[in-house]
Amino acid sequence: MDEISTNSTEGYSQGTGTHSQDSSGASSVNYDAVNVVAVAGNGALDRIESLLEAIVDAVTTGNEIMIPYRTVRASRPGRSQGPPAARQAGVVRFPGRTIQEAKKFEALLCIIELSHEALLSGMLITKRNIYYQSPDLFGSQAAVDVMVDNLAFTLGVGRGDLNIVATAKGLISGPIMLISRDGSVIDCGLSHSTGILLPSTSEIRSIGFHEVQWILVIEKEATFRTLAAAQYAKNSRAGHGILITAKGFPDLATRRFLSLVHSMRPSLVIFGLADFDPDGISIVRTYQNGSRRLEHENEATVPSLCWLGVKSRDLLSSWQSPAVDDEEDQELHGTTGGESPQLVENSDHQRPAKRPRLSDFRNPSDKVSSLTLRDRKKAGDILRAISSVELPSGGGLEHAQELQRMLMLNIKAEIQAVDSYGDLSTWLDDNLCARMHAD
């Protein structure tokens with residue numbers, strides 16, 4: 001993984017780049033460029049070559065041929081990892097005890113050889129290209145994905161250190177320039193409606209930030225395209241910014257790009273915008289803390305990412321509580337006649353506030369709906385994960401509170417529920433400005 005910094009004491013290189021918009025004589029734009037200092041392979045090439053040498057030695061001496069192989073899933077704390085013999089082995093053998101093991105050895109060796117070639121040549125290879133090298137051998141794309149991640153985990157490196165990447169998925173739009181190691185320039189502000197595919201961080205030599213003040217990471221591609229087409233990144237009242245989407249659940253390349261940018265410009269505020277549902281909160285948490293499947297990947301998280309919304313407070317419209325009969329009820333609800341009730345925790349001495357109906361929310365017919373059984377299970381899983389690893393403070397506390405409100409109110413909502421006029425510009429302007437000035 002590339003190692004970066006914003007000043008010389010941290011190992012960064014900074015300068016100003018100039019870009020000509022076109023060949024017709026249009027004025028050039030100066031960008032405050034920060035260079036990315038590459039650290040090739042993070043030792044992956046040496047480790048792979050040691051592996052290959054051990055295989056050659058075993059063939060020469062007639063010993064059993066083995067490849068070390070640990071799985072991310074089996075290595076999680078508290079998970080059963082099979083009988084003692086299996087835990088001790090942690091290898092794939094050839095010819096192996098079964099046909100399946102021999103086939104797995106062949107597939108794993110193929111991936112190792114392709115990674116070795118890619119590292120020697122300095123080229124990148126996608127997991128999809130690996131699969132199409134021998135579809136019959138691998139069986140499925142999912143099998144390749146798992147084996148690549150487990151190989152990286154076994155070697156103690158990231159997937160990108162093997163020069164193996166996923167097919168480009170993330171999109172970016174805004175006044176920022178990415179300068180590749182081959183010298184080509186990607187102006188992310190030119191393609192307004194569609195966005196530009198995010199390149200692998202290993203291909204980026206430097207980044208020109210221009211006057212960018214914020215980054216907005218958006219769950220949905222449709223929302224991203226709407227904002228990109230409106231050139232919101234340039235027209236926002238919060239100043240110039242960058243729009244990014246991974247088209248749903250965040251892929252490793254998008255997460256690494258955000259981590260890279262954050263390391264280069266720690267002062268640049270990164271916001272997350274997702275649906276008000278368990279999946280939306282899970283997406284925000286993955287950007288912040290990473291995923292369990294790829295928890296061994298370094299430089300792929302942004303713990304400081306700020307969850308902008310959508311949250312329960314964004315959905316509640318101005319609705320009145322029923323008439324309060326007496327002073328005791330007023331005290332228990334914490335309201336007087338004209339005030340809106342607040343959500344309160346249930347206890348032996350307090351009554352919960354009246355539960356809102358779907359009709360109390362903006363756009364109830366199409367943007368706000370009830371939770372499904374899957375949603376409720378997902379919410380429970382996230383709550384258990386928060387309670388098991390985090391102190392009840394900071395982002396984890398907010399996520400837990402919003403999930404509890406979600407479950408109590410039995411609602412979920414799409415991003416578009418916060419704006420009844422068909423675009424998010426006004427809501428985003430208000431919330432971005434408020435959060436940036438608060439920070």
Side-chain angles (χ1 to χ4, degrees), residues 166 168-176 178 188-189 191 194-201 204 207 209 212-234 236 238-291 294 297 299-311 314 395 398-399 402 414-416 418-419 424-425 427-429 431-436 439:
K169 174 187 175 185
L171 297 174
I172 183 171
S173 177
I176 185 174
L178 308 178
C188 301
S191 183
T194 59
I196 298 207
L197 283 173
L198 271 175
S200 169
T201 53
I204 299 174
I207 299 178
F209 287 94
V212 169
Q213 300 180 46
W214 51 265
I215 296 176
L216 181 64
V217 186
I218 305 167
E219 174 187 352
K220 291 184 172 179
E221 181 183 3
T223 304
F224 169 88
R225 291 186 182 275
T226 298
L227 292 172
Q231 298 188 47
Y232 182 78
K234 295 181 179 179
S236 170
H240 288 178
I242 304 170
L243 305 175
I244 290 177
T245 183
K247 306 176 186 178
F249 196 81
D251 60 318
L252 183 59
T254 303
R255 288 166 47 196
R256 278 194 157 180
F257 179 82
L258 287 169
S259 178
L260 174 72
V261 169
H262 175 66
S263 298
M264 299 173 83
R265 283 290 175 87
S267 61
L268 196 59
V269 188
I270 303 179
F271 297 98
L273 177 64
D275 288 341
F276 181 71
D277 62 16
D279 287 311
I281 292 180
S282 177
I283 286 171
V284 171
R285 289 179 57 78
T286 299
Y287 280 117
Q288 292 173 332
N289 308 316
S291 64
L294 297 177
E297 291 281 353
E299 298 172 329
T301 60
V302 184
S304 62
L305 180 140
C306 176
W307 181 26
L308 191 66
V310 174
K311 303 177 185 178
D314 300 316
E398 183 183 27
H399 299 157
E402 288 297 307
E414 299 179 19
I415 294 172
Q416 288 74 16
V418 299
D419 197 321
L424 297 171
S425 298
W427 183 88
L428 282 174
D429 282 343
N431 282 270
L432 286 173
C433 290
R435 294 303 293 265
M436 292 178 69
D439 294 340

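Residues take their numbers from the sequence shown, with the count starting at 1.
In terms of heavy atoms, Ala238 sits closest to Leu432 at CB-CB, 3.8 Å. Heavy atoms only, all atoms of each residue included: Met436 and Gln213 are closest at CE-O, 3.7 Å. Between Ile172 and Cys188, the shortest heavy-atom contact is CG2-SG, 3.7 Å. The two residues His240 and Pro175 come nearest to each other via the heavy atoms CB-CG, 4.0 Å. Closest of all the heavy-atom pairs between Arg256 and Ala300 is CG-CB, 4.0 Å. Closest of all the heavy-atom pairs between Phe249 and Ser282 is CE1-OG, 4.1 Å.
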Practice problem: Evaluate side-chain contact (heavy atoms from CB on, under 4.5 Å) for Ile415 paired with Trp427, printing each intermediate quantity in order. | Solution: CA-CA 11 Å; Ile415 294 172; Trp427 183 88; over 6 Å; no

- Task: Take Asp275 and Lys220 through the test side-chain contact (heavy atoms from CB on, under 4.5 Å) and record every step on the way to the result.
- Result: CA-CA 9 Å; Asp275 288 341; Lys220 291 184 172 179; 2.9 Å; yes

Please determine whether side-chain contact (heavy atoms from CB on, under 4.5 Å) holds for the pair Trp214 and Arg435, giving the CA-CA distance in whole Å, both sets of side-chain angles, and the decisive distance to 0.1 Å. CA-CA 11 Å; Trp214 51 265; Arg435 294 303 293 265; over 6 Å; no

Is there a side-chain contact (heavy atoms from CB on, under 4.5 Å) between Phe276 and Asp314 once you walk through the steps?
CA-CA 10 Å; Phe276 181 71; Asp314 300 316; over 6 Å; no

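Atom NE2 of His262 and atom CD1 of Ile215 lie 10.0 Å apart (nearest 0.5 Å). Annotation: the span from Gln231 atom CD to Ser236 atom OG amounts to 13.0 Å, rounded to 0.5 Å. For the atom pair Leu424 CG and Gln416 CD, the distance stands at 6.0 Å (nearest 0.5 Å). If you take CD1 on Ile204 and CG on Leu260, they are separated by 6.0 Å, rounding to the nearest 0.5 Å. We find the CG-OG1 distance between Leu258 and Thr301 to be 10.5 Å, quoted to the nearest 0.5 Å. Atom-to-atom distance recorded for Thr245:OG1 and Arg225:CZ is 9.0 Å, nearest 0.5 angstrom.
Contact check for Leu428 versus Leu308: side-chain heavy atoms found under the 4.5 Å cut-off. When side chains are defined from C-beta on, Pro199 counts as touching Leu178, because their heavy atoms get closer than 4.5 Å. In this structure, Pro250 and Ile283 have side chains that are in contact, with non-hydrogen atoms separated by less than 4.5 Å. A heavy-atom distance below 4.5 Å is not found between the side chains of Phe257 and Asp251. Side-chain contact between Leu197 and Leu171: present, with at least one pair of heavy atoms (C-beta onward) separated by less than 4.5 Å.
Listed by chain and residue number, nothing satisfies the side chain to side chain donor-acceptor pair (under 3.5 Å) test with Thr286 (two or more places apart in sequence, or in another chain). When the side chain to side chain donor-acceptor pair (under 3.5 Å) test is applied to Tyr287, no partner is found at least two apart in sequence or on another chain.
Between the side chain of Lys169 and the backbone N or O of Ala246, at least one donor-acceptor pair lies under 3.5 Å. Between the side chain of Glu402 and the main chain of Lys311, no donor-acceptor pair closer than 3.5 Å is present. Within the 3.5 Å criterion, the main-chain N or O of Ala222 finds a donor-acceptor partner in the side chain of Thr226. The backbone N or O of Leu243 lies less than 3.5 Å from no partner atom in the side chain of Ser173, so there is not a single donor-acceptor pair.
Seen from the ring of Phe209, Arg265 counts as a face-on cation partner, given the 6.0 Å and 45° thresholds.
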